[in-house]
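Worksheet: one structure, shown below.
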Amino acid sequence: MFEIKAKDMRGRVGVLKTNHGEIKTPNLMPVIHPRKQTVDVKEYGADIVITNAYLIYKDEELSKKALDVGLHELINFDGPIMTDSGSFQLSVYGDVDITNKEVIEFQEAIGTDIGTSLDIPTGPYVDREKAEEDLEITIERAKEAISYVKDNDYEMKINSVVQGSTYPDLREYCATELTKLDADLYPIGAVVPLMEMYHYRDLVDAVMHSVKCLPDSKARHLMGAGHPMIFALCVAMGCDLFDSAAYILYAEADRLLTTRGTVKLENLNEMPCSCEVCCKYTPDDLRAMDKEERVQLIAQHNLHVSFAELRLIRQAIYEGSLMELVEERCRAHPMLLDGLRHLGEYSFDLEKYDPRSKKSAFFYTGPESLKRAEVTRHLNKLNEMDKRKNLVVLPTYTKPYTKHLTNSFNELFVYAKDESLSEDAECKIENGETDFMVLDTPFCLIPLELDEVYPLSQSDAPRIRDKMAIEFARDFLIDFAEDYDNVLIHPNVLEELELDYIEEYNYPEEIKFEKDDIKKLKAIADYQFGNGAGDALFTGKIKIEKSKKTGKIRHVYDKNQIIVNMRASDSFLILSKLGAKRLAAIEGMRNKVMIDNSVESFARDGKSVFAKFIKDCDENIRSNDEVLIVNEQGELLAFGKALLNYSEMLDFNTGQAIKTRKGFKD
Ligand code: GUN
Ligand code: ZN
């Protein structure tokens with residue numbers, strides 16, 4: 001019932017299919033009060049809503065009507081409706097007079113699209129014993145609900161709520177247990193108190209530990225989250241749905257939501273946005289109105305701001321600028337910034353979900369950007385790469401570096417990485433034995449051969465470096481230098497990073513970086529596909545065709561047979577049949593996806609691969625990667641572009657996983 005259309009970080013633009021139509025995610029479900037609702041949320045942009053089944057059940061008149069005419073007519077909404085179960089009332093009043101079974105039966109009977117079992121929302125910071133006790137009941141009830149729904153062939157889809165208080169391991173345990181049940185959606189519960197207290201750091205832990213153990217193929221709903229200020233952060237962590245009564249509760253308290261926080265009408269000199277309400281009225285107009293009319297208008301504004309933010313987030317995912325948006329939004333409040341900084345600790349996990357290439361450039365917006373997935377990925381790659389004997393480190397200058405390079409550097413100093421380097425030792429630098437790299441924020445070192453590859457080229461950072469960025473680069477360089485015999489560093493870099501150098505040294509006269517297209521191609525291939533890919537791909541009588549306009553490499557041939565094309569936007573290599581064959585022949589080649597033998601002929605015909613036929617897949621695969629499609633015997637069938645990462649490919653049973661470029665008919 002859920003498909004992914006675009007990805008950025010753990011965020012996804014998806015489509016959720018229900019019995020009352022499809023909706024785009026990330027999305028917000030405004031809370032509808034079954035009796036007191038006055039705001040027409042559909043008119044203001046709601047595609048899906050949530051209401052409370054328990055409140056309907058408890059109200060004799062409503063209950064009768066709901067059973068009679070159905071929930072959609074009762075609340076006058078013809079799109080998808082989710083219902084909550086009374087768990088919230090349970091958490092407030094300590095008790096509810098309905099059983100788990102009864103609430104499931106009732107939700108089906110009134111025609112809910114997505115129902116919820118009677119989970120126990122365990123608050124934050126409770127005793128571990130209490131959290132464990134509650135959790136066992138939550139899991140038991142989830143099991144009971146699902147078997148009930150399945151046994152009775154219910155039409156209703158079902159939520160299984162992740163609990164576990166503020167214990168990361170309990171969140172993981174709960175998510176793991178619920179995943180086994182194969183529910184339709186996975187809400188993350190009991191986070192409202194964390195948000196009310198501004199404990200965003202703990203919110204990050206609760207969400208990250210939950211999503212880590214939830215299936216990628218199911219939508220996740222952050223229960224009770226409705227402030228647009230936190231949407232971007234939560235989407236980046238993998239949340240697909242939000243719900244909240246904030247739009248109306250805040251309106252009743254004369255408070256207006258904005259992506260920078262909440263503002264009180266009494267303090268407003270200017271209206272905060274350019275929605276219909278903000279354009280038509282002044283704060284004085286609103287203050288002069290009678291309460292009822294004012295609440296309507298503020299609620300309209302609140303919903304507008306929320307939906308506008310979700311549109312912005314979905315657009316950011318399409319273009320790959322979600323983290324830039326998150327970093328911007330998290331500057332609205334110091335505690336949100338705390339949450340963002342804490343998210344940096346999850347860089348390893350986020351990297352697995354982050355596409356390797358995106359439409360938009362990487363912007364460094366502050367020290368938090370040092371922990372971004374793209375940076376973690378690049379530094380891992382640098383550590384993995386085959387190193388030559390010597391390293392030359394050059395200062396940052398205009399990108400792409402090789403285009404603006406002055407060819408020789410006679411002003412380099414030997415970095416004194418260890419005391420054993422004697423002053424009269426001779427530094428022999430030969431070109432073939434030297435890695436040339438540019439010092440950069442936040443990617444630390446950029447090999448000159450990779451100076452056009454995404455995101456190393458398609459990135460920008462302030463020219464005035466902050467202290468954290470300098471320290472970050474320094475720490476990395478000191479470790480990295482260990483693997484080289486000689487490290488020569490430009491004086492500007494030595495000065496900025498405060499590194500020691502050996503003054504009286506027998507320096508080579510001139511050090512030169514010579515542009516070499518084949519070396520560059522091999523470096524890109526190794527970076528993209530793993531060490532050894534370059535040597536395997538580029539053998540024979542290599543012929544390189546460049547763009548007349550830009551001078552960039554476009555096509556690479558062995559005699560007349562094309563091996564790869566180079567994509568202009570990110571300088572990644574796009575395989576041809578010959579390229580795919582050469583890569584597939586490498587022992588231990590990553591980037592392979594094994595599909596079921598029953599669909600072998602479809603792949604050979606060049607048809608796209610559906611996720612449900614994927615048997616196995618290399619864990620290095622990220623969406624947008626070029627991948628090799630093989631059968632269960634490991635024979636190459638086709639090659640194409642991954643639309644999902646490895647774990648999504650294995651988890652999804654619907655939708656496309658690989659857009660096949662070409663198949664091998666025999
Ligand atoms: N609404 C807000 N938090 C929760 C929760 O933890 N469980 C349920 N069922 N509803 C909620
Ligand atoms: Zn407005």
Side-chain angles (χ1 to χ4, degrees), residues 29 31 44-45 50-55 82-92 96 98 100 103-104 107 112 114-124 126 131 134-135 137-139 141-142 145 158-166 170-171 174 178 183 185-196 203 206-207 210 220-228 239 241-247 249-251 255-260 262-263 265 268 270-283 285-286 294 296-309:
M29 303 179 281
V31 172
Y44 302 138
I50 184 167
T51 187
N52 194 305
Y54 179 64
L55 290 185
M82 184 185 280
T83 42
D84 203 349
S85 55
S87 293
F88 179 70
Q89 286 71 20
L90 178 72
S91 71
V92 175
V96 282
I98 193 166
N100 186 42
V103 84
I104 295 294
Q107 290 174 96
T112 295
I114 305 162
T116 310
S117 52
L118 198 62
D119 59 301
I120 303 189
T122 314
V126 300
D134 283 358
L135 191 54
I137 301 172
T138 291
I139 294 171
R141 287 182 182 174
I158 186 100
N159 273 326
S160 285
V161 187
V162 181
Q163 298 290 348
S165 183
T166 28
L170 292 188
R171 289 276 177 185
C174 183
L178 297 183
L185 286 96
Y186 288 98
I188 297 167
V191 292
V192 171
L194 291 174
M195 294 186 287
E196 284 172 350
L203 175 70
V207 173
S210 302
R220 303 146 187 158
H221 158 201
L222 195 64
M223 284 191 137
H227 201 301
C239 299
L241 288 168
F242 301 94
D243 82 273
S244 177
Y247 74 96
L249 297 178
Y250 281 76
R255 286 151 74 95
L256 287 80
L257 300 176
T258 82
T259 52
R260 303 185 60 206
T262 312
V263 288
L265 179 61
L268 277 190
E270 302 286 346
M271 293 304 284
C273 86
S274 41
C275 75
E276 223 176 293
V277 176
C278 290
C279 289
K280 190 163 172 198
Y281 301 96
T282 66
D285 293 339
L286 289 181
R294 183 167 70 233
Q296 283 290 317
L297 292 170
I298 299 177
Q300 184 183 343
H301 157 88
N302 287 346
L303 284 170
H304 172 88
V305 168
S306 304
F307 291 124
E309 179 68 357

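Whatever order the structure lists them in is the order used to number ligands and atoms, beginning at 1. Keep in mind it's a predicted model, so treat the numbers as computed, not measured.
- Checking side-chain atoms of D285 against main-chain N and O of T282 turns up a donor-acceptor pair under 3.5 Å.
- Listed by number with element, the atoms of ligand 1 under 4.0 Å from a non-hydrogen atom of G189 are 5 (C), 6 (O).
- Note on the Zn ion (ligand 2): protein N/O/S atoms under 2.8 Å are C273 SG, C275 SG, C278 SG, H301 ND1.
- Polar contact with ligand 1: present for Q163 (N/O pair, distance under 3.5 Å).
- Under a cut-off of 6.0 angstrom, the local environment of OH in Y44 is crowded, with over 12 non-hydrogen atoms contributed by other residues, nucleotides or ligands.
- Nearest residue to atom 11 (C) of ligand 1 from V162, D84, I188 is D84 (criterion: closest heavy atom).
- For atom 6 (O) of ligand 1, the nearest non-hydrogen atom of the protein is A190 N, 2.8 Å.
- With rounding to the nearest 0.5 Å, the separation of CZ in R141 from OG in S160 is 13.0 Å.
- Side-chain contact between I50 and H221 is present, with heavy atoms from C-beta onward closer than 4.5 Å.
- Of all protein heavy atoms, the one lying nearest to atom 7 (N) of ligand 1 is D119 OD2, 2.8 Å.
- Residues V192 and M223 form no side-chain contact, since every pair of their non-hydrogen atoms from C-beta on lies 4.5 Å or further apart.
- Near S87, the atoms of ligand 1 lying under 4.0 angstrom from a non-hydrogen atom of the residue are 8 (C), 9 (N).
- Test N52, T116, T112 against T83 for side chain to side chain donor-acceptor pair (under 3.5 Å) and you get one pass: T112.
- Of all protein heavy atoms, the one closest to atom 2 (C) of ligand 1 is M223 CB, 3.9 Å.
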### Evaluation steps, side chain to side chain contact (heavy atoms under 4.5 Å, CB included), between S165 and L170
CA-CA 8 Å; S165 183; L170 292 188; 5.9 Å; no
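- Taking 4.5 Å as the limit, every side-chain heavy atom of M195 sits out of range of all side-chain heavy atoms of H227.
- Considering T166, T138, D134 as possible partners of T122, the one that fulfils the side chain to side chain donor-acceptor pair (under 3.5 Å) test is D134.
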